[in-house]
There are 2 protein chains.
Amino acid sequence: MGRWPGGTQERLQEAAIELFTERGYERTTVAEIATRAGLTERTFYNHFADKREVLFPGQDRFIAEIREAVTAAPPKQSPLDAVLTAFTAGSNWFDQRRKAAQRRRNLLDAHAELRERERAKAAALGEAIACALRARGLSDPAATLTAAVSVAAHQLAAARWLADPRRGTLGHHLRAAFEDLHHTARTW
Amino acid sequence: MGRWPGGTQERLQEAAIELFTERGYERTTVAEIATRAGLTERTFYNHFADKREVLFPGQDRFIAEIREAVTAAPPKQSPLDAVLTAFTAGSNWFDQRRKAAQRRRNLLDAHAELRERERAKAAALGEAIACALRARGLSDPAATLTAAVSVAAHQLAAARWLADPRRGTLGHHLRAAFEDLHHTARTW
DNA sequence: ACGTTGATTGCAGAATCTGTAATCACTACT
DNA sequence: AGTAGTGATTACAGATTCTGCAATCAACGT
């Protein structure tokens, strides 16, 4: 570890969220983010592949964890239940960061360029889930379709979780969304 | 119409596909595309919002047509059938462009940056379908979930259509994919 | 002939992102 | 203490993407 004050990535993320909120995403330069964090533009790119990535910290690790959790779920569970338990397993982490998640969502909603990245991440999550489901023995096209609806249900649950005035847990909304999914699927 | 040779966008697209295939997406500059098309870099940006968009011609119109077709489908049809008929309606257009679609797919598969844009387009299609389904009276979350699985089924059908050695029509693969969807949904 | 229209072009410039090498602060070893 | 090694940060140059603005060009109508 160097002598520089730790938490470099966190400071860059914090600075980025502040500036994006103040002036908007396009009107903020990477150099400005770095300066507010007490660093240089080049250092920013040492930590994030591009300007958008600063708003998706730990996303790749999250995807990897979901993949492993789906793979490791009890073999007796149905594919959909395996995904639900995988989602629910780490949902506390989000419950403790509701406010930060809300600010992040406002930024994503305000800038199409950021939503594009979010959608790419969602698609990557779907592919990872499909891969894990196949590892459980599920065959295509069931794996692909199940993964797709799972991601859709997750997004639905996340949206309701953020909009919920009663502050229900993400786990609660996940279970509700998957219940809705079962109900809707019966109409197909 | 100006005096310049027509088909400017088509020429730019053709040049872009050629160069992307020859040298790869990243190693091709917009200036090179424009030069091969007999135009200038600035003209490229008069026709396409950014470098990626050149590979997604008419995508916005396609989405708009699907939205209208879903909205206009017979009210007696189930939501899923409405989407299927909307997809099938214009599928001949793709059947006549199989080879071009194949080259395009190879490019998308080879470059993550392009897949990201494709995923954004798919998400936009899903939102448009969800909107159309709500206009048909379907309520959330059914509209959102149905739209998501529809897009997934469409992608599945498109993938099989391109991989099919027997050259079945896209319409055939669409019906098969939606049939798989019905089957899979029963296991949820 | 003349003005209008729409597409194309030239040019300047900001911003993103990369490659390369140097610098810095700390650690470990002698 | 002194010295080499390590990893993070920095400086700098440069290619590329994308935008704004004004000028040019070729048709078309009157």
Side-chain angles (χ1 to χ4, degrees), chain A residues 1-57 60 107-108 110-118 120, chain B residues 1-20 22-58 60 107-108 110-118 120:
Chain A
M1 317 289 175
R3 205 279 153 275
W4 291 266
T8 304
Q9 294 197 14
E10 289 74 10
R11 263 162 44 223
L12 285 168
Q13 291 159 15
E14 195 60 38
I17 291 179
E18 286 176 14
L19 286 167
F20 290 168
T21 305
E22 292 173 13
R23 325 181 189 174
Y25 173 79
E26 295 90 354
R27 301 184 58 81
T28 301
T29 69
V30 173
E32 289 169 339
I33 298 170
T35 299
R36 176 165 299 199
L39 298 163
T40 65
E41 183 183 9
R42 193 62 186 85
T43 301
F44 179 96
Y45 286 108
N46 284 341
H47 289 273
F48 302 101
D50 57 49
K51 187 179 169 187
R52 308 174 186 182
E53 275 296 303
V54 73
L55 279 183
F56 299 86
D60 295 340
L107 284 175
L108 299 192
H111 303 284
E113 205 170 351
L114 294 172
R115 272 202 309 277
E116 181 175 21
R117 176 59 51 86
E118 185 191 23
Chain B
M1 315 293 175
R3 208 276 153 276
W4 292 266
T8 305
Q9 294 197 14
E10 288 74 10
R11 263 161 44 221
L12 285 168
Q13 291 160 16
E14 196 59 38
I17 290 178
E18 287 176 14
L19 287 167
F20 290 168
E22 292 173 13
R23 325 182 190 174
Y25 173 79
E26 296 90 353
R27 300 184 59 81
T28 302
T29 68
V30 174
E32 290 169 339
I33 298 170
T35 299
R36 176 166 299 202
L39 298 163
T40 65
E41 183 183 8
R42 192 63 187 84
T43 302
F44 179 97
Y45 286 107
N46 284 342
H47 288 273
F48 302 102
D50 57 50
K51 188 180 170 186
R52 309 175 185 183
E53 276 295 303
V54 73
L55 279 183
F56 298 86
D60 294 341
L107 284 175
L108 300 191
H111 303 284
E113 206 171 349
L114 293 172
R115 272 203 309 279
E116 181 175 22
R117 176 58 51 85
E118 185 191 24

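Just so you know, these numbers come straight off a predicted model, no measurement behind them.
Distance CD (Glu26(A)) to C1' (dT17(D)): 15 Å, rounded to an integer number of Å. In this structure, the CZ atom of Arg117(B) is 13 Å from the C1' atom of dT17(D), given to the nearest Å. Straight-line distance from the CD1 atom of Ile33(B) to the P atom of dT17(D): 8 Å, rounded to whole Å. Here dC17(C) presents its P atom at 12 Å from CZ of Arg42(A), a figure rounded to the nearest Å.
Gly38(B) and Arg11(B) get closest at one heavy-atom pair: O-NH2, 4.4 Å.
Close to dA11(D), at under 4.0 Å from its OP1 or OP2, lies no side-chain N or O of Thr40(A). Taking side-chain N and O atoms only, Thr29(B) has no distance below 4.0 Å to OP1 or OP2 of dA15(D).
Looking only at side-chain heavy atoms (C-beta outward), Phe20(B) and Leu55(B) come within less than 4.5 Å of each other.
With sequence neighbours excluded, the residues satisfying side chain to side chain contact (heavy atoms under 4.5 Å, CB included) with Ala15(B) are Ile33(B), Arg36(B), Ala37(B).
For the contact set between residues 43-52 of chain B and DNA chain C, defined by any heavy atom under 4.0 Å, the members are Thr43(B), Asn46(B), His47(B).
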Residue pair Arg27(B), Glu22(B): steps toward the salt bridge (charged side-chain N to carboxylate O under 4.0 Å, His left out) verdict: CA-CA 9 Å; Arg27(B) 300 184 59 81; Glu22(B) 292 173 13; over 6 Å; no
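Comparing atom distances between the Glu41(B) side chain and each of dT10(D), dT17(D), dT16(C) picks out dT17(D) as nearest.
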